[in-house]
Amino acid sequence: MEDLKTVFERTMKKYDRFEEKIPVLSEFIMGYRWLMSCDEDNRLSLALRVGQEKPQAVYESFLRSLTGLRCDKALEKLFSENDPELRTIAVSLCNLLGKSFNSEKYLCEYGIKRTEGLNFPYEVSGKKVGIIGYGLYNNFFLGKCAEFHAFDFRGPRGVLSLRVGKEESRLYPEGIHWHLGKNAVDFADVLSELDIVIMTGCTIVNNSYREILSACRKAQIRGIYGPSSELCPDYLFDLGYNYIFSASVKNKDDYLKESLNPLPAGNDLAYMDKYELVKMS
């Protein structure tokens with residue numbers, strides 16, 4: 001978890017510089033999709049559960065041992081374990097620790113511009129575009145670029161629909177080049193030819209984000225998106241990203257009421273403040 005240690009160290013320098021209050025952990029929620037960390041001020045941060053994890057009883061015991069600790073002390077404990085099965089927790093805590101500095105006020109100090117919402121203000125016409133973690137950017141890419149490539153851990157059964165007729169069969173969604181069932185790094189030859197690549201923040205959780213970024217040698221726009229990427233944006237920009245879309249839960253109680261519902265709608269972003277980040281020119 002050396003990369004997350006770097007994120008932690010950079011974030012703690014901000015606490016020293018700006019004299020912000022370090023969050024104290026109050027509870028964790030192991031959702032069916034997200035590992036959520038909550039502080040005593042009811043701020044909630046998320047990490048998609050795509051990494052290695054311990055059995056639930058072991059995870060529960062470890063999470064309980066972190067409650068009541070300051071977030072920095074909890075992260076120090078995690079790092080001392082040096083256990084990849086604790087990485088999801090560490091990402092969630094790094095997101096919580098960094099939340100204080102994702103306001104426009106502090107981002108300006110690091111040459112980062114914040115705009116609200118999800119608008120993706122880039123021209124895609126004539127471009128070869130890739131999305132890692134299929135779904136969110138369809139309205140910006142589908143039918144608007146020269147080639148649209150979608151990469152996803154899920155296999156065809158989890159993403160595609162097959163319409164079978166007497167004379168022919170058709171695969172849906174149409175108009176997309178599919179790369180499914182593997183980590184995107186296994187398609188490095190495809191990534192190297194793309195002009196725009198946007199990857200889900202879960203690549204931070206499964207620790208593939210740097211390798212994927214290195215494979216995107218031709219891409220002029222290299223982005224990362226989602227609540228799992230709320231941590232230390234200046235670190236991500238220094239790595240080589242030049243676009244970040246993230247989101248922060250607006251109200252803990254409202255979000256958990258939906259998330260813990262017996263039949264959740266799955267529309268997490270409706271309960272979040274959405275924002276885009278770019279480096280100032």
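Because the structure is a prediction, the values reported are computed rather than measured. Below, all heavy atoms of this structure are taken into account, side chains as well, without hydrogens, waters or symmetry copies.
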J.: Do any N or O atoms from the side chain of Arg87 and from the backbone of Ile204 form a donor-acceptor pair under 3.5 angstrom?
T.: yes

J.: Checking side chain to side chain contact (heavy atoms under 4.5 Å, CB included) for the pair Leu180/Arg154: CA distance, chi angles, key distance, verdict?
T.: CA-CA 6 Å; Leu180 302 174; Arg154 293 171 293 175; 5.9 Å; no

J.: Give the minimum heavy-atom separation between Gly51 and Val205, together with the two atoms involved.
T.: N-CG1, 3.9 Å

J.: I'd like to know if Arg43 and Asp41 make a salt bridge, using a cut-off of under 4.0 Å between side-chain N and carboxylate O.
T.: no

J.: Using a 4.5 Å cut-off on heavy atoms from C-beta on, say whether the side chain of Ser37 contacts that of Glu27.
T.: no

J.: Find the distance between CZ (Arg222) and CD1 (Ile212) and round it off to the nearest 0.5 Å.
T.: 14.0 Å

J.: Assess the side chains of Glu230 and Ser248: does a donor N or O sit below 3.5 Å from an acceptor N or O?
T.: yes

J.: Rounded to the nearest 0.5 Å, how far apart are CG of Leu4 and CG of Leu75?
T.: 8.5 Å

J.: Working to the nearest 0.5 angstrom, can you tell me the gap between Asn183 CG and Phe153 CZ?
T.: 4.0 Å

J.: Check the pair Met36 / Ser45 against side chain to side chain contact (heavy atoms under 4.5 Å, CB included), numbers first and verdict last.
T.: CA-CA 6 Å; Met36 301 172 243; Ser45 282; over 6 Å; no

J.: Any salt bridge between Lys99 and Asp39, counting N to O under 4.0 Å?
T.: no

J.: Please indicate whether Asp16 has more than 12 foreign heavy atoms, meaning atoms of other residues, nucleotides or ligands, lying under 6.0 Å from its CG.
T.: yes

J.: Quiz question: by atom type and distance under 3.5 Å, do the side chains of Tyr255 and Asp268 form a donor-acceptor pair?
T.: yes

J.: I'd like to know whether NZ of Lys21 has more than 12 heavy-atom contacts from other residues, nucleotides or ligands below 6.0 angstrom.
T.: no

J.: Is there a path of hydrophobic side-chain contacts, each under 4.5 Å between heavy atoms, that joins Ile22 and Leu25?
T.: yes

J.: For a 4.5 angstrom cut-off between non-hydrogen side-chain atoms, does Phe28 reach Tyr59?
T.: no

J.: Is Met12 linked to Phe18 within one hydrophobic cluster, defined over Ile, Leu, Val, Met, Phe, Trp and Tyr using a side-chain heavy-atom separation of less than 4.5 Å?
T.: yes

J.: Is the side chain of Glu276 donor-acceptor paired with the backbone N or O of Asn119 at a distance under 3.5 Å, no angle test?
T.: yes

J.: Taking the six-membered ring for Trp, are Tyr243 and Phe120 parallel (under 30°), tilted (30 to 60°) or perpendicular (over 60°)?
T.: perpendicular

J.: Is a salt bridge present between Glu85 and Lys54, judged by a nitrogen-to-oxygen distance below 4.0 Å?
T.: yes

J.: Which residue pairs pass the ring pair (Phe, Tyr, Trp, His ring centres under 6.0 Å) test when at least one of the two sits in residues 165-185, sequence neighbours left out?
T.: Tyr134-Trp178, His149-His177, His149-His179, Phe151-His179, His179-Phe187

J.: Look at the side chain of Thr200 and the backbone N and O of Gly133, then say whether any donor-acceptor pair between them is shorter than 3.5 Å.
T.: no

J.: Would you call Asp238 and Lys279 a salt bridge, using N to O less than 4.0 angstrom?
T.: no

J.: Salt bridge between Glu109 and Arg17, side-chain N to carboxylate O under 4.0 Å?
T.: yes

J.: Any idea which heavy atoms bring Asn82 and Met1 closest together, and the distance?
T.: OD1-N, 4.4 Å

J.: Go through the steps for Glu123 and Lys127 under the test salt bridge (Lys or Arg N to Asp or Glu O under 4.0 Å), then give the verdict.
T.: CA-CA 8 Å; Glu123 179 59 55; Lys127 305 291 186 181; over 6 Å; no

J.: Distance-only, no hydrogens or angles: does the Ser61 side chain make a donor-acceptor pair with backbone N or O of Val58 under 3.5 Å?
T.: no

J.: Compare every heavy atom of Gly68 with every heavy atom of Val24, then report the nearest pair and how far apart it is.
T.: CG1-O, 3.6 Å

J.: Any idea which heavy atoms bring Arg49 and Gly31 closest together, and the distance?
T.: NH1-O, 2.6 Å

J.: Hydrophobic clusters here meaning ILVMFWY residues chained together by side-chain heavy-atom distances under 4.5 Å, can you tell me if Tyr106 and Ile112 are in one?
T.: yes

J.: Can you find a heavy atom in the side chain of Leu97 that is under 4.5 Å from one in the side chain of Tyr15?
T.: yes

J.: Surrounding CD of Glu116 (heavy atoms of other residues, nucleotides or ligands, distance under 6.0 Å), is the total greater than 12?
T.: yes

J.: Yes or no on side chain to side chain contact (heavy atoms under 4.5 Å, CB included) for Val50 and Thr88, after CA distance, side-chain angles and deciding distance?
T.: CA-CA 8 Å; Val50 295; Thr88 304; over 6 Å; no

J.: When you measure from the side chain of Asn95 to the backbone N and O of Ser228, does any donor-acceptor pair fall under 3.5 Å?
T.: yes

J.: With the 4.5 Å side-chain cut-off for hydrophobic clustering, are Trp34 and Tyr32 part of the same group?
T.: no

J.: When you look at CD of Glu211, are more than 12 heavy atoms from neighbouring residues, nucleotides or ligands closer to it than 6.0 Å?
T.: no

J.: Which value, rounded to the nearest 0.5 Å, describes the distance between Asn138 atom CG and Ile176 atom CD1?
T.: 5.5 Å

J.: Take Asn261 and Lys257 through the test side chain to side chain contact (heavy atoms under 4.5 Å, CB included) and record every step on the way to the result.
T.: CA-CA 6 Å; Asn261 189 292; Lys257 183 178 179 181; 5.9 Å; no

J.: Does Lys182 use its side chain to pair, donor to acceptor, with the backbone of Gly155 at less than 3.5 Å?
T.: no

J.: Would you say the side-chain atoms of Ser65 and Lys77 include a donor-acceptor pair closer than 3.5 Å?
T.: yes

J.: Quick one: CG on Leu107 to CD on Glu104, what's the gap to the nearest 0.5 Å?
T.: 8.0 Å

J.: Tell me whether Asp195 contacts the main-chain N or O of Lys128 through its side chain, where contact means a donor paired with an acceptor under 3.5 Å.
T.: yes

J.: Would you say Phe62 and Leu66 make side-chain contact, with heavy atoms under 4.5 Å?
T.: yes

J.: Which pair of non-hydrogen atoms, one from Pro173 and one from Leu160, has the smallest distance, and what is that distance?
T.: CD-CD2, 4.0 Å

J.: For this output row, return yes or no: ring centroids of Tyr137 and Phe141 closer than 6.0 angstrom.
T.: yes

J.: Search all heavy atoms of Pro227 against all heavy atoms of Ser246 and return the closest pair with its distance.
T.: CA-OG, 4.0 Å

J.: Quick check against the 3.5 Å criterion: does Thr67 have a side-chain atom that pairs as donor or acceptor with the backbone of Ser26?
T.: no

J.: Under 4.5 Å between any side-chain heavy atoms of Ile221 and Ile198, yes or no?
T.: yes

J.: Could you tell me if the side chain of Leu191 sits less than 4.5 Å from the side chain of Lys218, heavy atoms only?
T.: no

J.: Looking at side-chain heavy atoms only, is the closest gap between Asp72 and Leu93 below 4.5 Å?
T.: no

J.: Does a side-chain heavy-atom distance below 4.5 Å link Leu194 with Val129?
T.: no

J.: Can you tell whether the side chains of Lys14 and Glu19 come within less than 4.0 Å, N to carboxylate O?
T.: no

J.: Should Lys13 and Glu9 count as an ion pair when the cut-off is N to O under 4.0 Å?
T.: no

J.: Measure the CZ-OG1 distance between Arg210 and Thr203 for me, rounded to the nearest 0.5 Å.
T.: 10.5 Å

J.: Would you say that more than 12 heavy atoms from the other residues, nucleotides or ligands in this model lie under 6.0 Å from the CD of Glu174, or not?
T.: yes

J.: Treating Ile, Leu, Val, Met, Phe, Trp and Tyr as nodes and any side-chain heavy-atom pair under 4.5 angstrom as an edge, say whether Leu48 and Val159 lie in one connected cluster.
T.: yes

J.: So, Asn102 versus Tyr275: side-chain donor-acceptor pair below 3.5 Å or not?
T.: yes

